[in-house]
Amino acid sequence: MPKEARPGTGEQAKQHALAQLRQAILHGEMAPAQRLVENELAEQFGVTRASIRAALIDLEAQGLVERIRNRGSRVRVVTVEEAVAITECRMVLEGLCAAKAAVAASDEQLTRLADLGEAMTKAVADGEPMTYSELNQELHARIREFSGQRTAVELLERLNAQLVRHRFQLALRPGRPQHSLNEHLAMIETIRARDPQAAEAAVRAHLTSVIEALRD
């Protein structure tokens with residue numbers, strides 16, 4: 001990056017470092033327990049150590065980074081039990097979003113959900129687990145978006161960010177996409193039927209299955 005294009009110092013630099021670090025963690029480029037060395041990160045992103053430190057504090061608040069006494073920061077390790085607890089919270093919030101989407105979504109948005117269901121079915125038939133995983137994430141994101149429940153959406157974005165490693169592992173588990181496909185199709189069907197209670201129940205059933213898979 002040319003020197004004049006670097007964000008340098010201050011709030012802009014902190015936000016630049018925050019965005020880059022968050023993306024690296026969420027995309028699995030930085031593994032759980034990986035040390036985050038301020039000097040190295042400052043050089044990598046072209047900002048000051050102070051900007052990196054401020055970004056790490058924000059990431060710690062988001063549950064993505066943890067500080068180890070006398071050892072600095074590292075990418076947070078989320079245990080299975082923590083992942084289960086997070087998913088239990090997701091169950092309540094995503095169930096709410098599904099119920100809201102069943103009422104609030106436009107006909108065009110409902111068609112978009114149906115299209116995603118068809119694409120997920122094709123990904124399973126074609127044996128493409130990573131494509132299925134990406135479509136899975138998009139489906140959940142669209143349901144949140146179509147719900148119009150902004151507070152729930154913000155809370156879920158924070159919770160889901162902490163599950164990235166477990167979500168990736170589940171996506172690659174043999175047979176998991178085939179197992180979860182019908183659960184996702186049931187979510188789509190009940191939202192398209194504009195049945196909020198059934199939509200919420202479908203989401204809860206799906207995430208109960210996720211919890212069982214996490215514990216296996």
Side-chain angles (χ1 to χ4, degrees), residues 18 21-37 55-98 116 120 123-124 127-144 149 151-187 199-216:
L18 177 61
L21 283 166
R22 193 172 193 275
Q23 182 177 10
I25 293 171
L26 294 184
H27 289 182
E29 296 165 15
M30 292 180 172
Q34 179 174 329
R35 288 190 63 217
L36 301 170
V37 181
L56 291 174
I57 290 171
D58 278 11
L59 289 170
E60 183 179 10
Q62 294 175 21
L64 297 179
V65 165
E66 57 189 351
R67 287 183 175 272
I68 307 299
R69 188 173 181 180
N70 298 325
R71 297 184 65 183
S73 297
R74 70 176 189 178
V75 178
R76 183 179 167 219
V77 177
V78 177
T79 67
V80 169
E81 284 309 308
E82 286 175 319
V84 167
I86 291 168
T87 305
E88 288 173 340
C89 293
R90 283 182 61 204
M91 191 183 297
V92 176
L93 293 167
E94 294 212 26
L96 170 64
C97 287
L116 281 170
M120 292 172 80
V124 168
E128 298 179 352
M130 293 314 300
T131 299
Y132 178 83
S133 178
E134 292 169 3
L135 291 167
N136 175 1
Q137 292 177 54
E138 184 178 355
L139 173 63
H140 284 271
R142 294 291 78 77
I143 292 172
R144 295 194 298 270
Q149 229 294 357
T151 300
V153 170
E154 291 172 3
L155 291 168
L156 282 164
E157 286 178 353
R158 173 187 165 97
L159 292 173
N160 285 325
Q162 298 174 53
L163 293 174
V164 59
R165 180 60 52 172
H166 292 281
R167 188 166 57 229
F168 180 75
Q169 290 171 344
L170 282 183
L172 295 179
R173 184 178 298 180
R176 179 62 196 167
Q178 292 88 336
H179 183 83
S180 71
L181 176 61
N182 285 336
E183 298 165 2
H184 287 112
L185 294 179
M187 290 162 51
E200 181 172 1
V203 169
R204 284 178 171 269
H206 166 56
L207 291 177
T208 296
S209 171
V210 170
I211 288 172
E212 291 170 355
L214 286 169
R215 284 177 166 156
D216 281 348

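Only this structure's heavy atoms are used, side chains among them; waters, hydrogens and symmetry mates stay out.
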**Student:** Please report the closest heavy-atom contact between V203 and G95, naming both atoms and the distance.
**Tutor:** CG1-N, 3.7 Å

**Student:** A side-chain contact here means heavy atoms from C-beta on lying under 4.5 Å apart; do L163 and R90 qualify?
**Tutor:** yes

**Student:** Looking at R158 and E154, does any basic side-chain N land under 4.0 Å from a carboxylate oxygen?
**Tutor:**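 No, this pair does not count.
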
**Student:** Does any N or O in the side chain of Q34 come within less than 3.5 Å of the main-chain N or O of A31, such that one atom is a donor and the other an acceptor?
**Tutor:**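 Yes; judged by distance alone, with no hydrogens or angles, the pair exists.
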
**Student:** Using modelled atom types only, decide if a donor and an acceptor are shared between the side chain of T87 and the backbone of A83 within a distance under 3.5 Å.
**Tutor:**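 Yes; at least one donor-acceptor contact below 3.5 Å.
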
**Student:** Taking atom types as modelled, find out whether S209 and R176 have a side-chain donor-acceptor pair closer than 3.5 angstrom.
**Tutor:** yes

**Student:** Nearest 0.5 angstrom please: N136 CG to E183 CD, how far?
**Tutor:**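 With rounding to 0.5 Å, CG (N136) is 10.0 Å from CD (E183).
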
**Student:** Run V84 and R215 through side-chain contact (heavy atoms from CB on, under 4.5 Å) and show every step you take.
**Tutor:** CA-CA 8 Å; V84 167; R215 284 177 166 156; 3.4 Å; yes

**Student:** Give, for atom CG of L18 and atom CD1 of I57, the distance between the pair rounded to the nearest 0.5 Å.
**Tutor:** 11.5 Å

**Student:** Looking at L64 and A161, what are the two nearest heavy atoms and their distance?
**Tutor:** CD2-O, 3.4 Å

**Student:** Between atom CG of L36 and atom CD1 of I25, what is the distance when rounded to the nearest 0.5 Å?
**Tutor:**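 Spacing of CG (L36) from CD1 (I25) equals 6.0 Å.
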
**Student:** Rounded to the nearest 0.5 Å, what's the gap from CG on N160 to CD on E94? Could you check?
**Tutor:**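 Result: 5.5 Å between the selected atoms.
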
**Student:** With no hydrogens and no angle check, do the side chains of R22 and Q62 hold a donor and an acceptor under 3.5 Å apart?
**Tutor:**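 The criterion, which ignores hydrogens and geometry beyond distance, is satisfied for Q62 and R22.
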
**Student:** Distance-only, no hydrogens or angles: does the Y132 side chain make a donor-acceptor pair with backbone N or O of G127 under 3.5 Å?
**Tutor:** no

**Student:** Indicate yes or no: at least one non-hydrogen side-chain atom of R167 is less than 4.5 angstrom from one of V164.
**Tutor:**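 Yes. Closest side-chain heavy atoms under 4.5 Å.
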
**Student:** Should S73 and I68 count as side-chain neighbours, where that means a heavy-atom distance under 4.5 Å?
**Tutor:** no

**Student:** If we count only N and O atoms by modelled type, under 3.5 Å, do the side chains of R76 and Q162 hold a donor and an acceptor together?
**Tutor:**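 A pair is found: one side chain offers a donor N or O, the other an acceptor, under 3.5 Å apart.
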
**Student:** Given the side-chain rings of H206 and H179, with only the six-membered ring counted for Trp, is the space between their centroids under 6.0 Å?
**Tutor:** no

**Student:** Using only atom types and a distance under 3.5 Å, with no angle test, would you say the side chain of E128 pairs donor to acceptor with the backbone of T131?
**Tutor:**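 No, the answer is negative, given that no donor and acceptor are paired below the 3.5 Å cut-off.
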
**Student:** Is R67 atom CZ crowded by more than 12 heavy atoms from other residues, nucleotides or ligands, each under 6.0 Å away?
**Tutor:** yes

**Student:** Do R142 and E138 have side chains that get closer than 4.5 Å, going by heavy atoms?
**Tutor:**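 Side chain of R142 against side chain of E138, heavy atoms only: contact under 4.5 Å found.
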
**Student:** Can you sort out the partners of L155 under side chain to side chain contact (heavy atoms under 4.5 Å, CB included), two or more places apart, ordered by chain and number?
**Tutor:** L93, T151

